[in-house]
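Quantities reported herein were computed from a predicted structural model and do not represent experimental measurements. In what follows, every chain begins at residue 1, and chains take the letters A, B, ... in the order their sequences are listed.
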Amino acid sequence: MTIVATWNVNSIKARLPNALEWLGAASPDVVLLQELKCQDDGFPRLEIEGLGYHAEVLGQKSYNGVAILSKEPITDVLRGLPGNPEDEQARYIEGTTFGLRVASIYLPNGNPIASEKFPYKLAWMDRLISHARDLKAQEETTVLGGDYNVVPSDEDVYSPEDFADDALCQPESRNRFRQILNLGYTEAYRALHHEPNRYSFWDYQGGAWQKDHGVRIDHLLLSPQAADRLEECDIDRKPRGKQKASDHTPVWCRLRD
DNA sequence: ATGGTAGCCTTGCTA
């Protein structure tokens, strides 16, 4: 079996003690990281390799940054989402490991919706749809994981009213997310769990964690070949309760052999 | 009441 996890760490340097603790305890085979907030040469490679992980990184100063960690070598790495050579934001990395094609995705937030950030998000999602279509045609065992910055339905947010004008809940965002699913991808958590109000992100502000005021925006999307092997999927809330926590917590799935 | 927190570096911007 293979465990694949996704985690927006909100700075890998600030999160290093927490990240090392969680990697050591949960011991996932493959980890998709987002919001590294560092350049390639600032990535704490030695510490992470010390836990037995290979690492492929697409860094960026201050913002964004994504990586794939794996206990096996990672080959055929693709850095950057195809479709716009002028887009320099480090939000996508893809590679092959454990016989899986995996991607770490940090989808643009898109707020505020009246700004240029929202059309950038939608255009980025259109590129992701197109690339996900190409990947689907490869008929590989594929896991597209990451911070999608999309709340799939009103059951995935503590207060739909408060998020009515938020880019994470806009019909245009949700529609594009569904377009990926409609290509034939399975959202792993929702395939196995049907309770509403299970979250992967809680804002730092206003005591959101203590009040369980969260949103579910971190997702693992599985190609049919991967979905056929889906055995378990869950949200690991423990890291969010630690000191110096990321505002996101890991989501993982287990694929049978 | 437009606050509150966290992380980075641009002591404002992003989330």
Taking atom C1' of B:dA15 as reference, at what distance in whole Å does atom CZ of A:F118 sit? 16 Å
Atom-pair distance (CG on A:N149; P on B:dT14), nearest Å: 14 Å
Mind checking the P distance from B:dC9 to B:dG4? Whole angstroms is fine. 24 Å
Are A:E21 and A:K242 close enough for a salt bridge, meaning some N to O gap below 4.0 Å? yes
When we call it a touch if two heavy atoms are under 4.0 Å apart, what does A:F201 touch: a base, just sugar-phosphate, or nothing? nothing
Give a yes/no verdict on a cation-pi contact between A:R216 and A:Y199, requiring under 6.0 Å between NZ or CZ and the six-membered ring centre and an angle within 45° of the axis. no
I'd like to know whether A:D218 forms a side chain to side chain donor-acceptor pair (under 3.5 Å) with A:S200, so could you lay out the CA-CA distance, the side-chain angles of the two residues, the decisive distance to 0.1 Å, and finally the verdict. CA-CA 6 Å; A:D218 299 274; A:S200 65; 2.6 Å; yes
Expressed in whole Å, how much space separates the C1' atoms belonging to B:dA6 and B:dT11? 15 Å
Could you give the CH2-to-C1' distance, from A:W202 to B:dA15, as a whole number of Å? 16 Å
Rounded to the Å, how far apart are A:H248 NE2 and B:dT14 C1'? 12 Å
Please measure how far the C1' atom in B:dT10 lies from the corresponding atom in B:dA15, and state the result in whole Å. 16 Å
Please report, rounded to the nearest Å, how far the P atom of B:dT14 is from the CG atom of A:N64. 10 Å
What contact category does A:R240 fall into here, base, sugar-phosphate, or nothing, at under 4.0 angstrom with non-hydrogen atoms? nothing
Do we see a donor-acceptor contact under 3.5 Å between the side chains of A:T142 and A:Q225? no
Once each nucleotide of nucleotides 3-8 of chain B is scored for protein heavy atoms under 4.0 Å, what B/S/- sequence comes out, 5' to 3'? -BBSSS
The single option from A:R198, A:R190, A:R174 passing side chain to side chain donor-acceptor pair (under 3.5 Å) against A:D156: A:R190
Take the protein atom CD of A:Q34 and the nucleotide atom P of B:dA15, then report the distance between them rounded to whole Å. 14 Å
Taking atom P of B:dC13 as reference, at what distance in whole Å does atom CG of A:N111 sit? 16 Å
Does the A:S173 side chain pair with the main chain of A:A167, one donor and one acceptor, at a distance under 3.5 Å? yes
So, using side-chain hydrogen bond (donor to acceptor under 3.5 Å, both in side chains) as the criterion, who are the partners of A:K117 when residues are at least two apart? none
